[in-house]
Asks: 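Structure provided below as structure tokens; questions to follow.
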Amino acid sequence: MSGTGVTVKKNVNFSEWYVEVVLKAELADYAPVKGCMVIRPDAYAVWEKIQEVVNQKIKSTGHRNAYFPMFIPEAFLKQEAAHFAGFTPEVAWITQGGDTPLEEKLAVRPTSETIMYDMFSKWIRSWRDLPLKINQWCNIVRWETKATKLFLRTREFLWQEGHTAHATAEDAEVEVIWALNMYKEVIENILAIPVLIGTKSESEKFAGALYTTALESIMPDGKALQMGTSHNLGQHFAKVFNVKYIGEDKKDHYVWQTSWGITTRLIGAMIMVHGDDKGLIMPPKVAPIQVVIIPIPFKGLEAEAIAAKTKEVAEILRAKSINTLLDDRSEYTPGWKFNQWELKGVPIRVELGPRDLKNGQVVMVRRDTGQKIPVKEANVVATVENLLQEIQDTMLAKAKALLDDKTTLVTNYDEFKHVIESKGGFIKAAWCGNPECEARIKVDTGATIRIRPFEKDTTKNICVYCNNEAKGGIVYFARSY
RNA sequence: GGGGCCGUCGUCUAGCAUGGAUUAGGAUACAUGCUUGGGGUGCAUGCGAUCCUGGGUUCAAAUCCCAGCGGCCUCACCA
């Protein structure tokens with residue numbers, strides 16, 4: 001790594017490119033604690049935007065934010081056997097407070113099901129208390145042993161976890177799908193990343209869930225990234241935490257529960273999917289700076305006129321709630337600033353120099369395409385508004401093309417192995433439903449079933465591995481992060 | 001947890017093979033001044049290094065050996 005710009009090409013060395021973009025665009029930095037990162041303001045602003053949009057969606061549907069302790073008694077985690085088995089390898093434990101060893105060690109939450117549902121059992125009495133729909137924004141600790149990857153794998157990360165309790169299985173099911181679709185909309189519309197949705201296989205489902213639904217995207221290196229999950233917990237947790245209500249029928253019933261979450265990993269996906277050799281490209285809807293104005297000054301009278309005009313343009317845009325930065329730093333040349341803001345991924349650059357002043361115009365440059373567009377002064381606001389939307393749309397379309405390009409239908413195992421080795425990506429293949437075939441494929445190729453689509457596609461119905469009948473039809477395999 | 005690579009001013013690096021004179025050199029960044037300004041301006045001056053840490057070998061260690069820490073790549077596990 002050298003200089004201030006990105007020195008590695010995205011398609012030459014993808015993982016190095018990723019590290020450079022994250023560090024040089026000042027999105028994150030390595031913390032002095034192993035496996036931990038600092039989320040810097042530009043990336044945190046993206047997270048805040050995600051929070052804003054998700055909060056709007058969950059609050060308008062009756063969910064409420066709350067906060068639960070980050071310390072979870074060991075006994076709680078142990079209550080649901082599968083849940084405990086799933087998480088215990090990566091739980092951080094607190095065994096001492098001050099100088100005193102704890103009588104019962106405390107887990108630093110790897111997820112909050114247990115501590116939340118213990119409280120739910122206290123709060124839920126009758127069918128009138130249902131549904132209970134709680135959400136929490138918090139940090140999570142999972143004690144990874146190795147391989148820190150900024151935003152994608154760190155010991156501590158930020159997320160949102162929704163937890164709901166319902167009177168009926170049907171209501172829970174509706175909630176699971178609601179959350180899944182809510183995520184799909186946020187990720188596609190705001191982050192401009194297309195996703196596949198479906199259910200996880202048994203081996204990939206959340207520890208303690210009845211079933212897990214998930215959103216998966218493909219990264220430019222051909223590896224899949226899980227973008228979010230929504231679990232139907234059935235009554236497993238209700239039974240061990242005794243979450244019961246008295247129904248209209250005057251009888252006791254266990255509640256039906258769901259949990260769902262997205263994490264700061266989404267920011268990593270945004271960087272990987274959209275960035276290019278110059279650095280980051282921010283989708284306009286999450287960009288902390290949507291427009292940067294760069295004056296092209298010259299000595300003499302024009303310098304003042306240009307300064308005044310750029311200020312005027314900045315104010316006009318800000319009045320329309322467009323996040324605008326006027327970069328009038330005198331210590332840097334325009335060319336330097338161009339590179340700097342391209343590295344940071346600002347969607348639109350507005351240049352204003354003597355020529356423009358004379359012509360009553362500005363020059364707009366799209367970050368995603370590099371296209372330069374002269375715009376008459378009177379049309380600046382309308383053009384920026386249109387361009388922001390157009391850039392957002394173009395980015396989604398480009399990411400969609402990536403997804404299509406990285407999705408391959410195969411009919412036999414040789415083809416499967418060939419595709420995994422050559423181009424990677426999602427492999428659509430029929431699967432018989434036997435976990436053994438799934439496990440063998442994983443051992444052979446490293447690929448796992450990422451998604452079983454909701455809409456059954458049975459145009460291929462012979463299992464790609466064992467050649468038996470594949471009633472479930474086609475599923476999506478991939479190597480993943 | 002396994003395998004591979006790496007660690008020198010804020011950053012990127014030279015030096016390391018074959019231990020000693022380079023005062024640990026350069027570039028960049030940073031500070032000041034002038035200059036310049038439509039794609040990382042140019043000049044000058046200045047500031048800046050426990051050579052990752054701890055042991056060991058040696059008359060002598062940035063350099064050789066061991067251990068640890070941290071990062072990257074990769075496998076396993078996970079969001």
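Naming: A, B, ... by sequence-line order, numbering from 1 per chain.
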Asks: Within the 4.0 Å heavy-atom criterion, would you say A:K442 contacts the bases, only the backbone, or no part of the nucleic acid?
Replies: sugar-phosphate
Asks: In whole Å, measure the gap between the P atoms of B:rG48 and B:rG42 for me.
Replies: 25 Å
Asks: Decide yes or no on salt bridge (Lys or Arg N to Asp or Glu O under 4.0 Å) for A:K311 and A:E315, but give the supporting numbers first.
Replies: CA-CA 6 Å; A:K311 272 187 191 132; A:E315 274 161 30; over 6 Å; no
Asks: Once you round it to whole Å, what is the distance between P of B:rG40 and CH2 of A:W336?
Replies: 13 Å
Asks: Which one, B:rG39, B:rG70, B:rG38, comes nearest to the side chain of A:K34?
Replies: B:rG70
Asks: Sort out the partner of B:rG70 for me: Watson-Crick or G-U wobble, both distances under 3.5 Å, none otherwise.
Replies: B:rC6
Asks: Closest nucleotide of RNA chain B for A:P295 versus for A:A31: which of these residues is on the 5' side?
Replies: A:P295
Asks: Categorize A:F87 for me: base, sugar-phosphate, or nothing, with a 4.0 angstrom heavy-atom threshold over every strand shown.
Replies: nothing
Asks: Using the ring-ring contact (aromatic ring centres under 6.0 Å, His included) rule, collect all pairs that involve residues 326-357 of chain A, keeping only residues at least two apart or in two chains.
Replies: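 Of all non-adjacent pairs touching residues 326-357 of chain A, those that pass ring-ring contact (aromatic ring centres under 6.0 Å, His included) are A:Y332-A:W336.
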Asks: Can you tell me how far C1' in B:rG46 sits from the matching atom in B:rC51, rounded to whole Å?
Replies: 24 Å
Asks: Quick one, which residues of residues 326-335 of chain A touch RNA chain B with a heavy atom under 4.0 Å?
Replies: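 Contacts with RNA chain B under 4.0 Å: A:S330, A:Y332, A:T333, A:P334, A:G335.
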Asks: Return the value, rounded to whole Å, for the distance between atom CD1 of A:I296 and atom P of B:rG40.
Replies: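 Taking atom P of B:rG40 as the reference, CD1 of A:I296 is at 12 Å.
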Asks: Knowing that exactly one of A:F416, A:F426, A:Y413 qualifies, which makes a ring-ring contact (aromatic ring centres under 6.0 Å, His included) with A:F477?
Replies: A:F416
Asks: Quick check for you: among B:rG38, B:rG39, B:rC78, whose closest atom lies nearest to any side-chain atom of A:R142?
Replies: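 Of B:rG38, B:rG39, B:rC78, B:rC78 is nearest to the side chain of A:R142.
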Asks: So, are A:K278 and A:E342 salt-bridged, with charged N and O less than 4.0 Å apart?
Replies: yes
Asks: Suppose we call two aromatic rings close when their centres sit under 6.0 Å apart. Are A:W256 and A:H236 close by that rule?
Replies: no
Asks: Side chain of A:P354: nearest nucleotide among B:rG39, B:rC78, B:rG38?
Replies: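 Side chain of A:P354 sits closest to B:rG38.
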Asks: Taking B:rG68 as the reference, what is the distance to B:rG7 when you measure between their C1' atoms (whole Å, please)?
Replies: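 Approximately 14 Å lies between the C1' atom of B:rG7 and that of B:rG68.
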Asks: Rounded to whole Å, please give me the gap between CD in A:E16 and P in B:rG71.
Replies: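 Value for this atom pair: 16 Å.
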Asks: Now, which nucleotide makes the Watson-Crick or G-U wobble pair with B:rA44, with each of the two distances under 3.5 Å?
Replies: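 Looking at the geometry, B:rA44 pairs with B:rU32.
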Asks: What nucleotide, of B:rG71, B:rG39, B:rC78, holds the atom closest to the side chain of A:T148?
Replies: B:rG71
Asks: Taking the six-membered ring of A:Y211, is the NZ or CZ of A:K205 close enough (under 6.0 Å from the centre) and on axis enough (within 45°)?
Replies: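 So A:K205 doesn't make the cation-pi contact.
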Asks: Which whole number of Å gives the distance between the P atom of B:rG54 and that of B:rA61?
Replies: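 That atom pair is separated by 14 Å.
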Asks: Base, sugar-phosphate, or nothing for A:I294, non-hydrogen atoms under 4.0 angstrom?
Replies: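 No contact.
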Asks: Would you please indicate yes or no on a ring centroid separation below 6.0 angstrom for A:W47 and A:W159?
Replies: no
Asks: What is the distance, to the nearest angstrom, from the NE2 atom on A:H231 to the C1' atom on B:rC78?
Replies: 12 Å
Asks: Using a heavy-atom cut-off of under 4.0 Å over every strand shown, decide if A:G35 touches base, sugar-phosphate, or nothing.
Replies: sugar-phosphate
Asks: Is there a Watson-Crick or G-U wobble partner for B:rC77 with both distances under 3.5 Å, and which nucleotide is it?
Replies: none
Asks: Both A:T264 and A:Y30 contact RNA chain B. Which one's nearest nucleotide lies toward the 5' end?
Replies: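 Nearest-nucleotide comparison on RNA chain B picks A:Y30.
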Asks: Would you indicate what A:T88 reaches in the nucleic acid, counting non-hydrogen atoms under 4.0 angstrom: base, sugar-phosphate, or nothing?
Replies: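 A:T88: no heavy atom of the nucleic acid under 4.0 Å.
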Asks: If the C1' atom of B:rU41 is compared with that of B:rU28, how far apart are they to the nearest Å?
Replies: 15 Å
Asks: For A:R349, report the nucleic acid contact type (base, sugar-phosphate, nothing); a contact means any heavy atom under 4.0 Å.
Replies: base
Asks: Considering only the C1' atoms, how many Å lie between B:rG10 and B:rA60, rounded to the nearest integer?
Replies: 32 Å
Asks: Say you draw a straight line from CD of A:E144 to CZ of A:R153; how long is it, rounded to the nearest 0.5 Å?
Replies: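 The CD atom of A:E144 sits 6.0 Å away from the CZ atom of A:R153.
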Asks: Look through every strand shown and name the nucleotide pairing with B:rC59 as Watson-Crick or G-U wobble, where both distances are under 3.5 Å.
Replies: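 Its partner is B:rG20.
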Asks: Looking at A:K149, does any N or O in its side chain come under 4.0 Å of the phosphate oxygens OP1/OP2 on B:rC73?
Replies: yes
Asks: Measure the distance from CZ on A:R155 to P on B:rG70 and round it to the nearest whole Å.
Replies: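 Answer to the nearest Å: 7 Å.
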Asks: Counting the atoms with a prime plus P, OP1 and OP2 as sugar-phosphate, which does A:E351 contact under 4.0 Å by heavy atoms, base, sugar-phosphate, or nothing?
Replies: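 Base contact.
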Asks: Taking the C1' atom in each of B:rC73 and B:rU35, what is the distance between them to the nearest angstrom?
Replies: 46 Å
Asks: Please report the distance, rounded to the nearest Å, between NZ in A:K337 and P in B:rU36.
Replies: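 So the two atoms are 16 Å apart, to the nearest Å.
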Asks: If you check the A:R153 side chain, which of B:rC72, B:rC78, B:rG38 turns out closest?
Replies: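 The listed nucleotide nearest to A:R153's side chain is B:rC78.
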Asks: Please, which pairs that meet side-chain hydrogen bond (donor to acceptor under 3.5 Å, both in side chains) have at least one residue in residues 183-198 of chain A, sequence neighbours excluded?
Replies: A:K57-A:E185, A:Q160-A:Y183, A:K184-A:E188
Asks: If I pick the P atom on B:rG71 and the same atom on B:rU8, what distance separates them, to the nearest angstrom?
Replies: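 Result for the P pair: 14 Å, nearest Å.
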Asks: If I take atom CG in residue A:L352 and atom C1' in nucleotide B:rG39, what distance separates them, rounded to the nearest angstrom?
Replies: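 It works out to 17 Å between those atoms.
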Asks: Exactly one of A:Y117, A:F120, A:W260 should register a ring-ring contact (aromatic ring centres under 6.0 Å, His included) with A:H163. Which one does?
Replies: A:Y117
Asks: Rounded to whole Å, how long is the line connecting atom CG of A:L343 with atom C1' of B:rU11?
Replies: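 These atoms are roughly 14 Å apart.
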